[in-house]
Amino acid sequence: MTVIPAFTGKRLVLARHRRRMTLADLARASKLTTHSLTHFENRLKYPSPQSLDRLAGALDVTPEFLLAPPPQPILPEAMSLRSPTRLTAPKRNSAVAVAELTVAFVAWIETHLWLPCPNLPLWPQLDAEHAAEALRAHWQMGDAPSGELTPLLEVNGIRIFALPIDCGDVGAFSTRQSGTPFIFLPPHLDGEQARQHLAHELGQLVLGHSRPGQRDSRTAADQFASAFLMPRTAVVAAMLRTATPERLTAAASAWGVPTSAVQHRLHDLELLPEWTHRSNIQRLGDETPPDHQPRANSVARSHLLPKAVAYLRARGLPVDSVAELTALHADDTPHWATTISPAPPAPADE
């Protein structure tokens with residue numbers, strides 16, 4: 001019987017985790033026994049070509065995907081995933097698989113093309129407020145509104161991807177791998193939502209908590225996001241203590257945040273009395289201000305990766321072949337859809 005000597009089992013585990021399948025699920029789908037699958041995954045025996053085809057079909061991947069070298073593993077502890085009480089093991093494993101495959105694809109791009117070097121300090125010794133101020137100073141932003149975050153983060157070496165649709169329930173998360181920061185966003189966010197998620201994950205990366213999924217680290221990241229998007233000096237200078245709703249809405253629009261976020265920032269900086277803060281929050285809860293409406297045409301997209309991929313394709317490099325080995329399926333990877341356009345079809349013969 002012919003066997004597959006290049007098979008290591010690690011890609012099989014990766015694909016199964018990505019599909020959120022148990023051994024029993026995969027056994028039913030592939031019509032193989034769980035005993036055989038366990039042996040395959042632990043490299044106690046190799047699958048036959050026929051078994052490999054069954055596994056590939058059940059997992060909706062190519063046989064080549066299962067035979068490719070496995071990507072570098074990423075520990076869940078190195079990712080700012082939500083706490084285990086809010087994230088089941090299958091969801092966590094699928095997020096880890098997406099991150100590993102994405103990091104592998106970016107690593108391949110970087111062997112052929114220069115991408116912006118990471119310019120994101122790690123300041124775990126700072127509190128959220130001072131870390132946000134320090135990063136603005138490091139990036140020479142002053143206290144002006146930050147503008148669109150995606151290009152700002154990408155030019156400073158942060159790789160930004162959207163999660164596949166079936167991973168949207170994992171939520172946003174970030175990680176540093178070999179010194180390079182990555183941020184993963186849920187799919188189909190409007191611009192305002194993506195902005196809040198990006199700022200939060202930026203805080204996770206800068207503050208570098210050892211247990212990023214815990215409540216205190218997420219609270220600190222939220223505080224960082226608020227301080228980064230609405231710097232203290234700018235908020236104080238705006239003199240919003242007695243501002244009308246129209247002025248608050250205008251300030252929120254300038255900073256690219258909901259009006260309620262401005263209210264909370266004023267309260268956190270002790271620029272609003274408690275009773276005024278509660279009254280304003282109640283009023284905002286009873287209304288739907290224009291700046292709370294989703295902006296459907298402002299979905300955050302990578303500015304960098306489409307250009308990088310187009311350049312590599314123009315040079316004749318096998319971008320799509322590599323993508324097949326670092327993604328389970330074209331429809332399974334919205335980070336390709338949001339950041340990388342498919343190769344154009346060949347022109348029809350005249």
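A quick note: this is a predicted structure, and the numbers were derived from the prediction, not measured.
- For the pair L120 and L202, the minimum side-chain heavy-atom distance is below 4.5 Å.
- The backbone N or O of D60 sits less than 3.5 Å from a side-chain atom of R19, completing a donor-acceptor pair.
- Judged by distance alone, with hydrogens and angles left aside, the side-chain atoms of R20 form no donor-acceptor pair with the main-chain N or O of S94 at under 3.5 Å.
- D216 and T219 share no side-chain donor-acceptor pair at under 3.5 Å.
- Residues I158 and I183 have side chains in contact (heavy-atom distance under 4.5 Å, counting atoms from C-beta outward).
- A cation-pi arrangement is found for R11 relative to F65, the charged atom lying closer than 6.0 Å to the ring centre and inside a 45° cone about the ring normal.
- Put simply, the side chain of I165 reaches to within 4.5 Å of the side chain of H188, judged on heavy atoms.
- Side-chain atoms of Q204 and S80 form no donor-acceptor pair, as typed in the model, at a separation below 3.5 Å.
- Formation of a donor-acceptor pair under 3.5 Å by the Q223 side chain with backbone atoms of A128 is not found in this model.
- For the side-chain contact (heavy atoms from CB on, under 4.5 Å) test with F173, the passing option among L185, L163, L87, V96 is L163; the others fail.
- Taking 4.5 Å as the limit, every side-chain heavy atom of T180 sits out of range of all side-chain heavy atoms of L115.
- A heavy-atom distance below 4.5 Å is found between the side chains of L248 and L266.
- The closest donor-acceptor contact from the side chain of T111 to the backbone of W108 lies under 3.5 Å.
- Between G168 and P186, the shortest heavy-atom distance links the atoms O-CB, 4.1 Å.
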Could you walk me through whether R82 and D169 pass the salt bridge (charged side-chain N to carboxylate O under 4.0 Å, His left out) check? CA-CA 11 Å; R82 286 179 288 182; D169 53 1; 6.0 Å; no
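- Using a 4.5 Å heavy-atom threshold, the side chains of L59 and L12 count as touching.
- The side-chain heavy atoms of F40 and L26, taken from C-beta on, include no pair separated by under 4.5 Å.
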Assess the residue pair V206 and L126 against the criterion (side-chain contact (heavy atoms from CB on, under 4.5 Å)); give the C-alpha distance rounded to whole Å, side-chain angles, the decisive distance to 0.1 Å, and a yes or no. CA-CA 9 Å; V206 170; L126 297 181; over 6 Å; no
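- D222 pairs by the salt bridge (Lys or Arg N to Asp or Glu O under 4.0 Å) definition with nothing, not counting sequence neighbours.
- Annotation: side chain of S174 is not in contact with side chain of H200 (no heavy-atom distance under 4.5 Å).
- Using a distance-only test at 3.5 Å, with no hydrogens or angles considered, no donor-acceptor pair links the side chain of S253 to the main chain of T249.
- Geometrically, R136 engages F228 in a cation-pi contact defined by less than 6.0 Å to the ring centre and at most 45° from the axis.
- With 3.5 Å as the limit, one finds a donor-acceptor pair spanning the side chains of T175 and Q177.
- The list of salt bridge (Lys or Arg N to Asp or Glu O under 4.0 Å) pairs with a residue in residues 109-130, not counting sequence neighbours, reads E110-R159, E129-R232, E129-R265.
- Using cut-offs of 30° and 60° for the angle between ring planes, the F182 and F161 rings count as parallel.
- A donor-acceptor distance shorter than 3.5 angstrom exists from the side chain of R195 to the backbone of G256, with no hydrogens or angles considered.
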